[in-house]
Every structure is written in C-alpha cells, then in structure tokens.
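First comes the structure, then the notes that go with it.
Throughout, a chain's letter reflects where its sequence line sits, starting with A, and its residues are numbered from 1. Computed from a predicted model, the values in this text were never measured in an experiment. Just so it is clear, the values below take in all heavy atoms, side chains as well, and ignore hydrogens, waters and symmetry mates.
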Amino acid sequence: MIITTWNVNSISVRLPHLIEWLKQHKPNVVCLQETKTVDEKFPEQELAEAGYSCEFFGERSYNGVAILSDRPMINVHKGFVGDGPTEAKRLIEAEIDSTYIINVYIPNGSHVGSPKYEVKLSWLQKLRDHINSRHDLSKRIILCGDFNIAPDDEDCYNPEQIKGTIMVSEPERSRIEEVRNLGFTDVFRLLNKEAGQFTWWDYRMGAFRRNMGYRIDHIWGSQCMADASKSVWIDKATRKLERPSDHAPLVAEFN
DNA sequence: ATGGTAGATACTCTA
C-alpha cells in the first residue's frame with residue numbers, strides 16, 4: 001500500500017500537477033491539505049476519471065483536507081467531535097483496506113506568542129485527546145499530513161538561526177511529541193537517518209533554490225504499520241514545476 | 001528587524 005501526503009496549496013490550481021502525479025506514481029491513498037475549496041467545488045469528477053474516489057472537508061479560501069483512494073473508503077469522519085460548523089476544516093479520517101487514515105492540517109501558528117500560536121497549541125492537545133479516546137494504536141493506524149512542526153533540529157536548514165521560532169519552538173515540539181507518544185513512529189525517520197531532508201520551502205527569498213527548508217509534512221504509523229513500512233521518499237521534483245505548491249509530496253510504501 | 005511570494009477574495013488575510 002502506497003500512502004502519500006501533500007499540501008497542494010489550492011486543489012484547483014494544483015489539479016493538473018496532482019492528476020499527472022497520480023498517473024506517474026499510482027499511489028493507493030493520497031491525503032491532501034490546504035485544498036482551499038468548498039465541497040461543492042471539489043474536483044470529484046476529474047479525480048474519479050483518474051481512478052480515485054474522494055472524501056473531502058473544505059471551506060472557502062483557507063484550510064481544507066481530503067483523502068483520495070483507489071479502494072473503497074468506510075467509516076469517514078470529519079473534524080473533532082463537537083466542532084461547530086464554523087470550525088476550521090483541518091481533520092478528515094477514513095478506513096481503507098483495514099487501515100485507518102487520519103489526515104491533519106495542523107494550524108501554522110503564525111508567530112510564537114501570537115493568538116494563532118495559542119490556537120495551534122490547543123489544537124495539538126485536542127488532537128491527542130481525540131486519538132487517545134477514539135483510536136486503538138494496536139491496530140493499523142496512519143497519522144499523516146502537514147503538521148507545521150519540524151520535530152528535530154536536523155529537520156530544518158539552520159537550527160541555530162531559527163531557534164525558538166514558529167515550527168521549531170519547544171512548546172509545539174513537546175505537544176506533537178505527546179501525540180507521538182500515544183504509540184506512533186515517524187516512518188520517514190525510521191527509514192531515513194539523513195539530516196537536511198525537507199518537505200516545505202517558503203515561496204520567498206529563493207528558499208527552494210538555497211534549500212532553506214523544513215521537514216514539516218509527516219507520515220506516522222502505529223507499531224504494526226512501522227513494522228510493515230518498506231520505503232519512504234520526498235518528491236522534490238514537484239517543487240521544480242511551474243507554479244508549484246510550496247510543499248512536496250511525502251510518499252511511504254507499506255507491506 | 002524587515003521583507004520577500006503565492007493563493008483566494010475582494011481591496012486583506014493567511015501562510
């Protein structure tokens with residue numbers, strides 16, 4: 001089973017890249033973030049023609065998550081239990097082939113100490129509570145998406161210079177660590193020990209050209225999924241295309 | 001310390 005996570009930064013702008021990518025790589029499951037589209041405008045038909053069924057949970061302009069699958073999806077859930085209709089659309093889950101996929105777009109948090117940063121920290125606690133109360137980590141579980149956190153210093157280009165700033169600050173790292181401690185393994189890190197491997201580069205300052213990136217997109221697996229993990233890679237080629245997303249797809253294959 | 005770019009929307013916010 002090949003599982004991909006990709007923050008596309010607008011499904012409508014990136015649809016040609018996505019369709020081409022699906023044809024080239026034939027993943028079984030694709031988790032998308034920042035679709036930035038209401039459900040009525042989600043390109044369900046185009047993706048069905050490419051061989052994928054879709055579950056999506058979007059809103060106008062911001063956020064939005066979706067799961068594409070070439071196999072049937074059951075037990076689909078959207079958002080946290082008890083969320084109101086105006087809550088940001090950042091969480092979607094589905095069971096595919098006896099594997100439960102949790103796709104998240106964790107809040108960016110803007111700047112450390114800002115109101116949005118506090119929202120990020122409380123969202124991370126809600127995520128931990130949600131997984132703890134609703135999921136059994138002895139089963140086949142994947143938690144993936146845009147976490148907006150680089151877990152360790154080797155996951156960013158210049159750790160000393162950006163120490164304490166957004167995506168690397170200690171409070172957000174310790175909260176995502178609490179999620180990991182429920183029983184997840186960072187599948188990328190399990191299979192790839194090299195520092196300086198990134199999934200996101202800012203559009204500004206020629207960041208990609210200078211490889212000023214962060215590893216903030218992740219595929220985490222419960223123990224049995226970690227045991228079944230076979231390979232994992234980042235498709236930097238998509239970041240070199242014309243009008244790219246600022247994130248590259250992260251791909252993992254499981255037995 | 002600031003600003004740079006991209007996307008959606010509507011003249012600004014988010015990342």
What is the distance, rounded to the nearest whole Å, between atom CD1 of Ile11(A) and atom P of dA8(B)?
11 Å
Compute the ring centroids of Phe188(A) and Trp220(A), then answer whether they are less than 6.0 Å apart.
no
Grab the OH-P distance between Tyr214(A) and dA15(B) for me, whole Å please.
15 Å
Does dT14(B) have OP1 or OP2 under 4.0 Å away from a side-chain N or O of Arg204(A)?
no
If I take atom CD1 in residue Ile166(A) and atom P in nucleotide dT14(B), what distance separates them, rounded to the nearest angstrom?
14 Å
Within this structure, what is the CZ-to-P distance between Arg243(A) and dA8(B), rounded to whole angstrom?
7 Å
Under 4.0 Å, counting only non-hydrogen atoms across every strand here, what does Tyr105(A) touch: a base, just sugar-phosphate, or nothing?
sugar-phosphate
Given dG7(B), dT9(B), dA15(B), identify the nucleotide with an atom nearest to the side chain of Tyr62(A).
dG7(B)
Between P of dT14(B) and CG of Asp146(A), the distance in whole Å
17 Å
Rounded to whole Å, please give me the gap between CG in Asn7(A) and P in dA6(B).
16 Å
Hey, is Arg173(A) close enough to Asp153(A) for a salt bridge, meaning N to O under 4.0 Å?
yes
Charged N-O contact under 4.0 Å between Asp186(A) and Arg215(A)
yes
Using atom CE of Met167(A) as one end and atom P of dA15(B) as the other, report the distance to the nearest whole Å.
11 Å
Inter-nucleotide P distance (dA6(B), dT2(B)), Å rounded:
23 Å
Take atom C1' in dC11(B) and the same atom in dA1(B), then report the distance between them in whole Å.
28 Å
Phe80(A) ring center within less than 6.0 Å of Trp123(A) ring center:
yes
His247(A) or Arg60(A), whichever maps to the more 5' nucleotide of DNA chain B:
Arg60(A)
Taking dT9(B), dA15(B), dT14(B) as options, the one with an atom nearest any side-chain atom of Glu34(A) is dA15(B)
Distance check, P atoms only: dA15(B) and dT9(B), in whole angstrom units.
15 Å
Would you say Arg210(A) reaches dG4(B)'s phosphate, i.e. side-chain N/O to OP1/OP2 under 4.0 Å?
no
Please tell me which of the listed nucleotides, dA15(B), dA6(B), dA8(B), lies nearest to the side chain of Asn108(A)?
dA15(B)
Taking for each residue the nucleotide of DNA chain B bearing the nearest heavy atom, is the 5' side occupied by Ser10(A) or by Met205(A)?
Met205(A)
Whole-Å P distance, dG3(B) and dC13(B):
16 Å
From CZ of Arg14(A) over to C1' of dA8(B), roughly how many Å is that when rounded to an integer?
12 Å
Heavy-atom count check: over 12 atoms from other residues, nucleotides or ligands less than 6.0 Å from Lys23(A) NZ?
no
So what does Arg239(A) hit on the nucleic acid, given a heavy-atom distance under 4.0 Å: a base, only sugar-phosphate, or nothing?
nothing
At 4.0 Å (heavy atoms only), tell me whether Ser12(A) reaches a base, stays on the sugar-phosphate, or touches nothing.
sugar-phosphate
Does His25(A) NE2 have over 12 foreign heavy atoms under 6.0 Å away?
yes
